[in-house]
Amino acid sequence: MSGGQAWRGNWRVRLYERVRERGYDSLTAFANARPTASLVALAEELGEDDVVGVQVLSGLHAEAEQRKQVTRFVRDVLVRELSECLPDGWPTVLDDANRFKVAKALGSWFADTPETHRERVDQASDALLATPPPPGWRPLGPDDELLLSLLPDEEV
């Protein structure tokens, strides 16, 4: 990404124009078609030089609030973080290197979580660490059974 191009002009309008150019009626629909792509990868697909991941995150959050699906959005962000940090799935052994990868994914997830859901995300993270998923577990979308058990669709 070059020198602040993403913040020039009305980036929200640009973001949604790009989504519509690709045949989607919402940013959520665009992202749902790529459930394991990182926010950065989504941004690059929409505009390598003038869209950034935080803009995609902001747009997805706004749409989730409108649809009253913020918990699903929070799970969606975790799927993207896990796919990026643990591409081969949950590690078999939590040695130092794997512990770092897990911590990076969970820390990024917490940082991208709206304040309304941070306590629940903290609890879900603790649960994942206390009772790790099976080795190789890799959720392919926000409706993964384990994720739904950790963060059910009840809006806060």
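Note that the structure is a prediction, hence the values are computed from the model and not measured. Nothing fancy with the numbering, it's 1 onward along the sequence. All values below were derived from every heavy atom in this structure, side-chain atoms included, with hydrogens, water molecules and symmetry-related copies excluded.
The residues Arg67 and Glu63 are annotated as salt-bridged, a charged nitrogen and a carboxylate oxygen being separated by less than 4.0 angstrom. Residues Glu115 and Arg118 are paired through a salt bridge, judged by an N-O separation under 4.0 Å between the basic side chain and the carboxylate. Using a 4.0 Å cut-off between charged side-chain N and carboxylate O, Asp76 and Arg80 make a salt bridge. Salt bridge annotation for Asp50-Arg18: present, with a cationic side-chain nitrogen under 4.0 angstrom from a carboxylate oxygen.
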So Asp112 and Leu39, side-chain contact (heavy atoms from CB on, under 4.5 Å) or not? Walk me through it.
CA-CA 11 Å; Asp112 290 343; Leu39 295 167; 4.1 Å; yes
Please test Leu129 against Leu106 for side-chain contact (heavy atoms from CB on, under 4.5 Å), starting from the C-alpha separation and ending with a verdict.
CA-CA 10 Å; Leu129 294 171; Leu106 296 178; 4.1 Å; yes
Apply side-chain contact (heavy atoms from CB on, under 4.5 Å) to residues Leu27 and Leu46 and explain how you reach the verdict.
CA-CA 10 Å; Leu27 184 57; Leu46 291 171; 4.0 Å; yes
Would Val52 and Gln55 count as a side-chain contact (heavy atoms from CB on, under 4.5 Å) if you check the C-alpha gap in whole Å, the side-chain angles of each, and the deciding distance to 0.1 Å?
CA-CA 6 Å; Val52 292; Gln55 293 168 333; 3.6 Å; yes
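Side-chain contact between Val102 and Pro91: present, with at least one pair of heavy atoms (C-beta onward) separated by less than 4.5 Å. Counting only heavy atoms from C-beta outward, the side chains of Glu44 and Val40 approach each other to under 4.5 Å. Pro132 places none of its side-chain heavy atoms less than 4.5 Å from the side chain of Leu128.
Closest of all the heavy-atom pairs between Ser26 and Val19 is O-CG1, 3.3 Å. The two atoms that bring Trp90 and Leu82 nearest to each other are CZ3-CD2, 4.3 Å, heavy atoms only. In plain terms, the two heavy atoms of Leu60 and Ala31 that are nearest each other are CD2-CB, 3.9 Å. Closest of all the heavy-atom pairs between Pro142 and Leu147 is O-CB, 4.4 Å. When all heavy atoms are compared, the tightest approach of Gly59 to Tyr16 is O-OH, 3.6 Å. Closest non-hydrogen pair, Ala127 versus Leu150, comes out as CB-CD2, 3.7 Å.
Heavy atoms from other residues, nucleotides or ligands lying under 6.0 Å from CG of Asp95 number more than 12. For Glu65, the CD atom is densely surrounded, since the number of other residues' heavy atoms within 6.0 Å is greater than 12. By the 6.0 Å contact criterion, CD on Glu21 is enclosed, its count of non-hydrogen atoms from other residues, nucleotides or ligands being greater than 12.
The CH2 atom of Trp137 lies 4.5 Å from the CG atom of Leu146; values are rounded to the nearest 0.5 Å. Considering CZ of Arg8 and CZ of Arg14, their distance stands at 10.0 Å, rounded to 0.5 Å. Taking CG of Leu151 as the start and NE2 of His117 as the end, the distance is 7.5 Å to the nearest 0.5 Å.
Although no hydrogens or angles enter the test, the distance criterion places a donor-acceptor pair under 3.5 Å between the side chain of Trp109 and the main chain of Val74. A donor-acceptor pair is defined here as one N or O able to donate and one able to accept, closer than 3.5 Å; no such pair exists between the side chain of Arg75 and the backbone of Asp143. Proximity of a side-chain donor or acceptor of Arg120 to a complementary backbone N or O of Pro152 within less than 3.5 Å is detected. Between the Asn98 side chain and the Val93 main chain, a donor and an acceptor come within less than 3.5 Å of each other. Side-chain atoms of Ser108 come within 3.5 Å of backbone N or O of Lys104 as a donor-acceptor pair.
Hydrophobic clustering (side-chain heavy atoms under 4.5 Å, transitive across Ile, Leu, Val, Met, Phe, Trp, Tyr) groups Leu78 together with Val54. Neither Val121 nor Leu148 shares a network with the other; the hydrophobic side chains, linked directly or stepwise wherever heavy atoms of I, L, V, M, F, W or Y lie under 4.5 Å apart, form separate groups for each. With hydrophobic clusters built from ILVMFWY side chains whose heavy atoms lie under 4.5 angstrom apart, Leu15 shares a cluster with Trp7.
Taking the six-membered ring where tryptophan is involved, the planes of Phe30 and Tyr24 are perpendicular, since the angle between them exceeds 60° and thus also 30°.
Partner Leu86 forms a side-chain contact (heavy atoms from CB on, under 4.5 Å) with one of Arg138, Glu81, Lys101 and no other, that one being Lys101.
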